[in-house]
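One-based numbering, in listed order, for ligands and for the atoms of each. Note that the structure is a prediction, hence the values are computed from the model and not measured. We're numbering straight along the sequence, starting at 1.
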Amino acid sequence: MKIRKAVFPAAGLGTRFLPATKAQPKEMLTLVDKPIIQYVVEEAVQAGLDNIILVTGRGKNAIEDHFDVSYELEAILTARNKLDLLQQVRQISDMIHVAYVRQKEALGLGHAVLMAETLVGEEPFAVFLGDDIIDAAVPCMKQMLDVYNTTGGSILAVMEVEREAVSRYGIIEIRKDAANGGRVFRIRDMIEKPSPEDAPSRLAVIGRYILSPAIFRALEETRPGAGGEIQLTDGIRHLLETERVYAFRFEGKRFDAGDKLEFLKATVEFALKRGDLGPALREYLRTLPCLNEKTSKS
Ligand code: UTP
């Protein structure tokens, strides 16, 4: 069955980015000149998914406004003949069909996905976590849909992490009999945030999923797990009892924009790649005395 809908859980509290996220959603933090959620929505559109379901919560109105038409702003830009800017602003509201559903309490990522059940219905769908920004020649979800067209089933994007980093991720255990061309694996089991000794691999689940609608039944049966939250990982473990779930090692570089240091790294890398900003930023970075000291020592 074709994937048509993309669910964006965006109802988390963003505590790692306080105080910036006290009164504004993490998803609206600006990476160079766009809110991070827009990068991820653009990835969905590039993968052919423009039917967007945003799971929001209290204090998230700025996200809805961002993807809505801004009549006043458009009128002012038209009057001032700022047609380039007008086109940019219009494109944001034109690019997607968006529906919103509310998660009244932040009871966990699994619970947030479950909130989208009525809007998704009985069909497989994609999930994007808004703070995972992926820099890739072919958009990560497009790569996943290509795999889905041959495997079917549910697919989780994974990346290899350092052994010391496994305790920050959901880590998969692969079925030894099912490696396929090095990038696609059948998952046997998953462990949330294992210690390096207990980790069955170094393949960590990141924020892109294709899920079968059976996940909704699995999540309904899932009790609160780590942190008292209904975890998507636990729901997928239930799903594994009845269905095939694949892992796909995507090509590209992922930044966790919900983490301050990773957000800074993403900002620098994305800005350096921009034709209008990159050369001047590179020049500026070269003049920073602290960087030069390090260079002269090394
Ligand atoms: P995170 O683990 O990044 O949680 O959630 P968070 O609460 O947003 O941020 P921190 O850790 O407190 O800084 C991963 C994704 O799941 C969504 C978040 O919005 C984010 O996109 N989420 C999480 C929900 O939609 N609802 C929840 O109850 C929890």
Side-chain angles (χ1 to χ4, degrees), residues 5-29 31 35-44 52-64 66-67 98-120 125-134 140-141 156-159 161 165-171 190-193 204-209 211 215-216 219-220 222-236 254-264 266:
K5 298 178 180 173
V7 174
F8 287 72
L13 301 176
T15 54
R16 285 174 298 156
F17 230 116
L18 281 167
T21 47
K22 185 179 170 210
Q24 71 160 335
K26 166 171 75 172
E27 294 76 12
M28 291 302 292
L29 291 172
L31 187 60
I36 55 177
I37 186 86
Q38 190 177 331
Y39 286 88
V40 188
V41 166
E42 283 173 358
E43 182 190 322
I52 306 288
I53 297 162
L54 264 156
V55 184
T56 64
R58 260 187 301 284
K60 301 280 184 171
N61 296 356
I63 304 178
E64 299 186 24
H66 185 71
F67 290 108
V98 59
Y100 296 93
V101 59
R102 201 89 168 177
Q103 186 190 22
K104 289 186 188 141
E105 249 183 291
L107 296 179
L109 174 58
H111 183 257
V113 170
L114 191 52
M115 294 300 100
E117 180 175 12
T118 324
L119 290 171
V120 172
F125 61 103
V127 175
F128 293 75
L129 300 193
D131 43 9
D132 271 0
I133 305 288
I134 300 171
C140 179
M141 185 52 73
L156 319 184
V158 296
M159 66 177 194
V161 297
V166 290
S167 55
R168 299 207 300 270
Y169 297 92
I171 300 293
M190 297 167 70
I191 308 185
E192 190 60 33
K193 304 186 172 63
V205 176
I206 60 111
R208 299 287 184 277
Y209 309 76
L211 295 173
I215 191 67
F216 295 125
L219 285 169
E220 272 155 16
T222 303
R223 304 275 64 89
E229 296 190 339
I230 297 178
Q231 300 285 351
L232 183 58
T233 307
D234 293 337
I236 295 171
R254 170 260 192 186
F255 297 91
D256 176 3
D259 171 83
K260 290 177 186 175
L261 181 59
E262 290 254 321
F263 182 86
L264 286 171

Query raised in the report: So how far is it from Glu262 CD to Asp132 CG, rounded to the nearest 0.5 Å?
Result: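 Those atoms lie 9.0 Å apart.
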For the student: nearest non-hydrogen atoms of [X] and [Y], plus distance:
X      : Y      : value
Leu18  : Lys260 : O-NZ, 2.9 Å
Gln103 : Ala112 : NE2-N, 3.4 Å
Leu119 : Tyr100 : CD1-O, 4.3 Å

Report task. Please indicate whether Lys22 has more than 12 foreign heavy atoms, meaning atoms of other residues, nucleotides or ligands, lying under 6.0 Å from its NZ. Result ->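 Counting neighbours around NZ of Lys22, 12 or fewer heavy atoms of other residues, nucleotides or ligands fall under 6.0 Å, so no.
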Report task. Examine distances only and state if a side-chain atom of Thr233 and a backbone atom of Glu192 form a donor-acceptor pair shorter than 3.5 Å. Result ->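 Answer holds: no.
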Pairs under 3.5 Å, nitrogen or oxygen of ligand 1 with protein nitrogen or oxygen:
residue, atom, partner, partner atom, Å
ligand 1, 3 (O), Arg16, NH2, 3.1
ligand 1, 3 (O), Lys26, NZ, 3.0
ligand 1, 3 (O), Asp131, OD2, 3.3
ligand 1, 7 (O), Leu13, N, 3.0
ligand 1, 7 (O), Gly14, N, 3.4
ligand 1, 8 (O), Lys26, NZ, 2.8
ligand 1, 9 (O), Gly14, N, 3.4
ligand 1, 9 (O), Lys26, NZ, 3.1
ligand 1, 11 (O), Arg16, NE, 3.1
ligand 1, 12 (O), Thr15, N, 2.8
ligand 1, 12 (O), Thr15, OG1, 2.5
ligand 1, 13 (O), Thr15, N, 3.0
ligand 1, 13 (O), Arg16, N, 2.7
ligand 1, 13 (O), Arg16, NE, 3.1
ligand 1, 19 (O), Ala11, N, 3.3
ligand 1, 19 (O), Gly12, N, 2.9
ligand 1, 19 (O), Glu27, OE2, 3.4
ligand 1, 21 (O), Pro9, O, 2.9
ligand 1, 25 (O), Ala11, N, 2.9
ligand 1, 26 (N), Gln103, OE1, 2.7
ligand 1, 28 (O), Gln103, OE1, 3.4
ligand 1, 28 (O), Gln103, NE2, 3.3
ligand 1, 28 (O), Leu107, N, 3.3
ligand 1, 28 (O), Gly108, N, 2.7
ligand 1, 28 (O), Gly108, O, 3.4

